[in-house]
Asks: 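Starting off with a structure, shown below.
In what follows, chains are A, B, ... by sequence order, proteins preceding strands, each numbered from 1.
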Amino acid sequence: MEGESIYEVDSEDGVGADIISTVEFNHTGELLATGDKGGRVVIFQREPESKNEPYNQGEYNVYSTFQSHEPEFDYLKSLEIEEKINKIKWLPQQNAAHSLLSTNDKTIKLWKVTERDKRPEGYNLKDEEGKLKDLSTVTSLQVPVLKPMDLMVEVTPRRIFANGHTYHVNSISVNSDCETYMSADDLRINLWHLAITDRSFNIVDIKPANMEDLTEVITASEFHPHHCNLFVYSSSKGSLRLCDMRASALCDKHSKLFEEPEDPSNRSFFSEIISSVSDVKFSHSGRYMLTRDYLTVKVWDLNMETKPIETYQVHDYLRSKLCSLYENDCIFDKFECAWNGSDSVIMTGAYNNFFRMFDRNTKRDVTLEASRESSKPRAILKPRRVCVGGKRRKDDISVDSLDFTKKILHTAWHPTENIIAIAATNNLYIFQDKVNSEMH
Amino acid sequence: MGEEEGLHQTQLLDTMFVRGLKRKCFDGEEDIEGTLAGFKAIPSYNLQRQSLLDMSLVKLQLCHMLVEPNLCRSVLIANTVRQIQEEMTQDGTWQMINTQSAGQTSLDRLVSTDILCRSSKEQAEGKLVPVYSTFTKDCEGTQSQDNSEIMSTVTSPQAPRNLQSNMWEMENPQENRGNFQKSLDQIFETLENKSPNTVEDLFSEVDNSYYDLDTVLTGMMSNTKMGHCDVLETFPSQTTANSNSNCKSDLNELDHIVEILVES
């Protein structure tokens with residue numbers, strides 16, 4: 001992987017407002033959207049490849065920036081509602097405009113992104129500044145002509161889907177039918193029609209009658225990429241539920257329950273916490289699901305509910321540090337995971353600005369670091385290693401010197417090419433694989 | 001995690017010594033002594049478990065009250081607390097901890113919880129894992145110190161309020177209500193019905209005889225508008241051991257403070 005570009009999300013407010021909270025490529029990979037803690041969305045666009053400079057393969061540059069959500073105050077509960085963007089999902093492009101959904105804890109918004117690169121000139125009734133002409137000066141008629149102008153990107157809010165959620169929204173997912181989408185909070189999942197904002201259908205509700213009995217919450221959810229009736233949601237107990245919307249209006253009964261039985265010899269007080277699934281993603285093929293829990297990523301076959309078909313250790317050296325990680329709350333960090341375009345490689349983030357990639361075919365894995373030092377343009381990324389005792393090679397990092405404040409929670413993979421976007425706190429790194437590099 | 005090479009002889013002995021303490025068969029006297037002696041080296045499983053329980057309860061209450069707390073995190077912590085309490089009840093260690101706590105010094109409360117991180121399989125095999133002291137390096141180093149002191153002043157000798165009242169009625173007679181340590185039920189109710197006076201709510205049902213009121217009120221006094229976390233973090237360092245000497249001088253201050261609180 002080659003270091004390609006680093007973007008720092010600028011902040012006017014100071015520290016904290018610009019921590020990147022979500023990263024998402026659109027369906028062609030031409031656009032990349034990031035959301036941050038300050039409620040802003042920055043869209044990057046890939047420059048078209050130039051025949052003259054074949055090595056200057058499309059770089060991503062800022063295309064548009066807009067304020068998606070503002071902080072709000074819930075007067076009923078006397079609590080602030082954060083403007084942090086939890087998720088962004090692009091809609092499949094249906095015309096010249098691009099559309100995306102962005103959500104904070106409570107409200108989902110549909111934004112339309114349009115370009116304007118021409119403007120009409122030569123009006124009869126008004127002059128170039130728009131002022132009405134004195135009619136006595138008009139002696140002949142002319143037809144207004146479209147003249148090119150500097151590209152202007154306009155982003156407008158088209159729909160605001162509010163008041164659908166009592167709890168915090170953790171995921172949104174656009175259906176393959178391109179008409180509906182779902183939003184999931186800790187206890188409920190709602191189905192919306194993209195054109196209707198004043199109502200939604202509740203399709204999953206796991207809130208117990210008595211809140212004292214609450215022991216499990218929804219952590220992530222996603223629609224199947226091809227079957228518009230199927231969706232999956234994950235829980236804090238490490239289970240996945242595949243639901244079929246044709247079966248009933250309220251999908252409280254799962255069609256399939258994916259759960260790996262606990263290894264009794266590995267049981268500790270932290271077993272449940274580390275089994276909590278922080279992210280679930282269908283493969284592009286629709287045949288598999290990828291889940292991330294605190295220490296591993298797992299690949300599940302939709303046809304087998306009893307256990308995952310593959311399990312990869314992300315940072316097993318943390319297993320003996322769980323108590324400390326519980327104390328400093330790191331054990332609750334929610335890492336995302338991603339498939340590459342061909343579903344052959346999976347990627348997820350870790351601590352110390354490390355991220356990991358696993359090749360499902362060769363069973364090789366690599367640890368890379370997203371940092372300014374190692375990411376000068378065109379620099380090749382060097383594989384990193386964490387040593388856990390025993391022989392220590394040069395450049396190895398020991399477990400105790402890992403920086404747990406530098407966590408890579410959000411990563412995205414281009415839908416077709418080997419381009420990845422890594423969010424490291426308030427920096428966005430984009431890496432490209434120019435040549436097929438081998439993994440160690 | 002495999003064995004770490006270069007483990008010192010003393011550490012080896014410590015680990016072996018600790019391993020010898022049974023956690024299933026609790027024999028009473030013997031084990032108290034064993035435990036007390038044991039934590040000079042590496043704290044026993046029971047102490048670590050108690051420490052984890054205390055930590056969890058503090059976490060449940062130290063939620064950021066300005067923004068609605070993360071429900072997933074709260075649920076996971078609550079489940080951990082339930083697990084510990086269930087195990088402690090089965091062990092019969094519940095009562096034991098009550099009588100034990102009175103004599104212990106405060107700072108040892110938050111002890112190295114290395115053993116807890118080991119799976120039961122590892123413990124059975126007696127794998128040697130390097131002693132890992134409470135993580136203070138990168139993340140909020142000072143807070144862990146404060147936490148241990150908080151627990152000394154705030155964690156009362158009696159048990160946290162029981163979750164399953166039918167099981168624990170014997171150990172928790174009505175008058176031993178740990179008001180500061182709310183039941184998980186109340187916490188979830190609180191999450192649902194957020195009131196602006198959360199800090200005041202938690203302290204309002206204070207039962208004076210069970211912890212150092214001075215510290216609590218002094219902490220509250222010195223902060224005007226603060227989040228929950230901040231209030232507890234600024235507690236002056238005090239241990240229960242020397243509270244006696246502070247008592248008399250603070251009595252007048254205490255009256256003064258109570259007066260102010262009542263007026264507000």
Asks: Does A/Asp205 have more than 12 heavy atoms from other residues, nucleotides or ligands lying within 6.0 Å of its CG?
Replies: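 Count over threshold, so yes.
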Asks: Please look at A/Ser276 and chain B and tell me whether the side chain, the backbone, both or neither of the residue comes under 4.5 angstrom of a heavy atom of that chain.
Replies: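 Side chain only.
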Asks: Is a salt bridge present between A/Glu72 and A/Lys106, judged by a nitrogen-to-oxygen distance below 4.0 Å?
Replies: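 No, no charged N to carboxylate O under 4.0 Å.
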Asks: Against chain B, label A/Thr219 side chain, backbone, both or neither, depending on which of its atoms sit under 4.5 Å from a heavy atom there.
Replies: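 Answer is side chain: those atoms of A/Thr219 sit under 4.5 Å from chain B.
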Asks: Measuring heavy-atom distances to chain B, does A/Ile218 have an atom under 4.5 Å in its side chain, in its backbone, in both, or in neither?
Replies: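 Looking at A/Ile218, nothing touches chain B.
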Asks: Taking side chain as everything from C-beta outward and backbone as N, CA, C, O, which of these in A/Asp185 sits under 4.5 Å from a heavy atom of chain B? Side chain, backbone, both or neither.
Replies: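 Neither part; nothing is under 4.5 Å.
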Asks: Are the ring centres of A/Phe335 and A/Tyr351 closer than 6.0 Å?
Replies: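 Ring centroids of A/Phe335 and A/Tyr351 are less than 6.0 Å from each other.
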Asks: Can B/Glu87 and A/Arg267 be counted as an ion pair, charged N to O under 4.0 angstrom?
Replies: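 A salt bridge is absent here (no side-chain N lies under 4.0 Å from a carboxylate O).
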Asks: Who among A/Lys237, A/Glu82, A/His168 has the most heavy-atom pairs with chain B under 4.5 Å?
Replies: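 Result: the option with the highest number of such pairs is A/His168.
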Asks: Below 4.0 angstrom, N of the basic side chain to O of the carboxylate: do A/Lys87 and A/Glu336 qualify?
Replies: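 A salt bridge links A/Lys87 with A/Glu336.
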